[in-house]
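These notes are about the structure you will find just below.
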Amino acid sequence: MLMNRAEIGLVNSPPRCWLQRIYEVPVLLRFGGRLLPGTPALEIGCGSGYGLELILERFGAGTADAVDLDPAMIHRAGRRLARYGDRVRLAQGSATDLRTALDADDDSYGGVFDFGIVHHIQDWRKAIAEVARVIAPGGRFYFEEVTSHALARPIYRRLFDHPTDDRFSAEQFLDELAHHGLVVLGSLTRIQGDYLLGAATKPVPTGGER
Ligand SMILES: C[S@@+](CC[C@H](N)C(=O)[O-])C[C@H]1O[C@@H](n2cnc3c(N)ncnc32)[C@H](O)[C@@H]1O
């Protein structure tokens with residue numbers, strides 16, 4: 001589901017970028033570590049592209065692909081990230097179908113990033129399944145999510161547009177990762193369970209499994 005005007009304003013505001021840079025990135029790095037040099041990364045729901053700068057500069061990704069449902073966001077991200085040239089590839093499409101959007105094969109990315117997007121997707125389990133499919137064995141999934149607890153608050157319901165049924169708690173989100181074979185390296189919740197941050201990995205198969 002696309003963001004409404006209020007959320008576009010909030011997500012692109014300097015305080016939100018500051019929070020992402022000063023608080024979220026260090027937490028995600030603490031749980032998942034930096035990527036190995038040259039690692040290809042993917043951001044689902046890149047918005048206007050600030051997270052992609054952080055993925056390249058702070059997490060050390062070699063290249064970054066990104067998908068967003070909103071063509072206006074892809075346009076904004078393209079302008080913001082022009083200086084990275086072909087290290088960045090942007091596509092309009094859905095995180096629930098990365099093959100169509102980015103021609104993404106299984107096991108393609110050493111790092112996959114979710115900065116607050118999965119709660120926007122009605123079929124959020126399909127998005128998790130896609131993340132688990134495209135992440136490479138040994139790769140990292142970094143996530144920052146808004147739970148059903150936050151979405152039920154009157155302020156969220158009045159100000160923003162989100163799918164209303166089948167939302168996830170922090171526990172349900174983590175369970176879904178495990179259901180797709182991802183192993184959580186660490187996570188935390190903030191503000192009475194409103195927000196979930198963490199990192200998970202796709203285990204490297206041991207001899208004979210692949
Ligand atoms: C809350 S914003 C977060 C944007 C960015 N990750 C950030 O942290 O600034 C959610 C983004 O997800 C996008 N989005 C919503 N549903 C999507 C889907 N099914 N596939 C890809 N992107 C989607 C929206 O267009 C929006 O840009």
Side-chain angles (χ1 to χ4, degrees), residues 1-28 41-59 61 64-81 88-104 109 111-134 141-148 150-151 153 155-157 159-168 173 176 190 194-198:
M1 180 182 274
L2 300 183
M3 295 187 287
N4 66 14
R5 287 169 64 120
E7 192 171 8
I8 290 173
L10 177 74
V11 163
N12 295 315
S13 68
R16 152 78 181 142
C17 294
W18 180 84
L19 188 71
Q20 199 173 3
R21 188 174 70 246
I22 298 294
Y23 175 69
E24 294 173 8
V25 167
V27 169
L28 298 181
L42 166 72
E43 184 181 4
I44 54 172
C46 63
S48 63
Y50 184 64
L52 285 162
E53 285 185 43
L54 299 171
I55 290 164
L56 292 163
E57 304 294 344
R58 300 278 299 277
F59 291 85
D65 289 355
V67 65
D68 199 288
L69 199 57
D70 187 344
M73 288 296 141
I74 291 295
H75 183 68
R76 287 168 81 149
R79 282 204 318 243
R80 180 195 285 276
L81 298 157
V88 171
R89 187 168 63 119
L90 304 170
Q92 188 274 330
S94 178
T96 56
D97 183 3
L98 296 168
R99 215 180 272 287
T100 298
L102 286 164
D103 203 20
Y109 298 101
V112 179
F113 291 80
D114 157 26
F115 285 115
I117 171 231
V118 172
H119 69 282
H120 268 270
I121 302 178
Q122 179 61 57
D123 192 351
W124 62 274
R125 293 181 181 82
K126 199 167 176 191
I128 300 290
E130 271 297 79
V131 167
R133 180 181 73 76
V134 301
F141 176 42
Y142 302 87
F143 50 90
E144 176 256 311
E145 266 309 328
V146 181
T147 70
S148 52
L151 297 176
R153 291 190 189 273
I155 188 156
Y156 259 92
R157 296 216 313 271
L159 283 183
F160 307 129
D161 290 338
H162 294 102
T164 49
D165 57 327
D166 189 29
R167 298 301 81 201
F168 50 81
F173 188 89
E176 196 63 18
R190 281 285 178 256
D194 280 16
Y195 303 100
L196 170 69
L197 294 97

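Counting starts at 1 for both ligands and their atoms, following the listed order.
- Annotation: atom 5 (C) of ligand 1 to nearest protein heavy atom, G45 O, 3.4 Å.
- Interface atoms of ligand 1 facing E43, defined by a heavy-atom separation under 4.0 Å, are 6 (N).
- What sits closest to atom 19 (N) of ligand 1 on the protein, heavy atoms only, is S94 OG, 3.1 Å.
- When non-hydrogen atoms are compared, ligand 1 lies under 4.0 Å from neither the backbone nor the side chain of A127.
- Within the set R16, Q20, E130, E7, the minimum heavy-atom distance to atom 8 (O) of ligand 1 is found for R16.
- The closest donor-acceptor contact from the side chain of R21 to the backbone of G51 lies at 3.5 Å or more, if one exists at all.
- For the pair E145/D114, a side-chain contact is recorded, criterion being any heavy-atom separation below 4.5 Å from C-beta on.
- Below 30°, between 30° and 60°, or above 60°: for F173 and W124 the angle between ring planes is below 30°, a parallel geometry.
- With a 4.0 Å heavy-atom cut-off, ligand 1 is reached by the side chain of M3 but not by its N, CA, C or O.
- R190 places a side-chain heavy atom less than 4.5 Å from the side chain of Y23.
- Shown in contact with I117 at under 4.0 Å from a heavy atom are these atoms of ligand 1, numbered in order with element: 12 (O), 14 (N), 21 (C), 22 (N), 23 (C).
- Residue contacts with ligand 1 do not include I44, since none of its heavy atoms lies under 4.0 Å from the ligand.
- Between Y142 and F115, a ring centre-to-centre spacing not shorter than 6.0 Å is recorded.
- With respect to atom 9 (O) of ligand 1, the closest heavy atom belonging to the protein is V11 CG1, 3.1 Å.
- The closest protein non-hydrogen atom to atom 15 (C) of ligand 1 is M1 O, 3.3 Å.
- For ligand 1, the polar-atom distance check against H120 finds no nitrogen or oxygen pair separated by under 3.5 Å.
- Per-residue contacts place G93 under 4.0 angstrom from the following atoms of ligand 1 (heavy atoms of the residue considered): 20 (N), 21 (C).
- In this structure, the side chains of R157 and H162 stay at 4.5 Å or more apart for every pair of heavy atoms.
- Of the protein's heavy atoms, A95 N, 2.9 Å lies nearest to atom 20 (N) of ligand 1.
- Between the side chains of S48 and N12, at least one donor N or O lies within less than 3.5 Å of an accepting N or O.
- Of all atoms in ligand 1, numbered sequentially from 1 with element shown, those under 4.0 Å from a heavy atom of F115 are 3 (C), 5 (C), 6 (N), 7 (C), 8 (O).
- Here atom 25 (O) of ligand 1 lies nearest to D68 when heavy atoms of L69, D68, L10 are compared.
- Judged as a salt bridge (Lys or Arg N to Asp or Glu O under 4.0 Å), the pairs with a partner in residues 64-78 (not counting sequence neighbours) are, in order, D65-R89.
- By the 4.0 Å N-to-carboxylate-O rule, D194 lies close enough to R153 to be salt-bridged with it.
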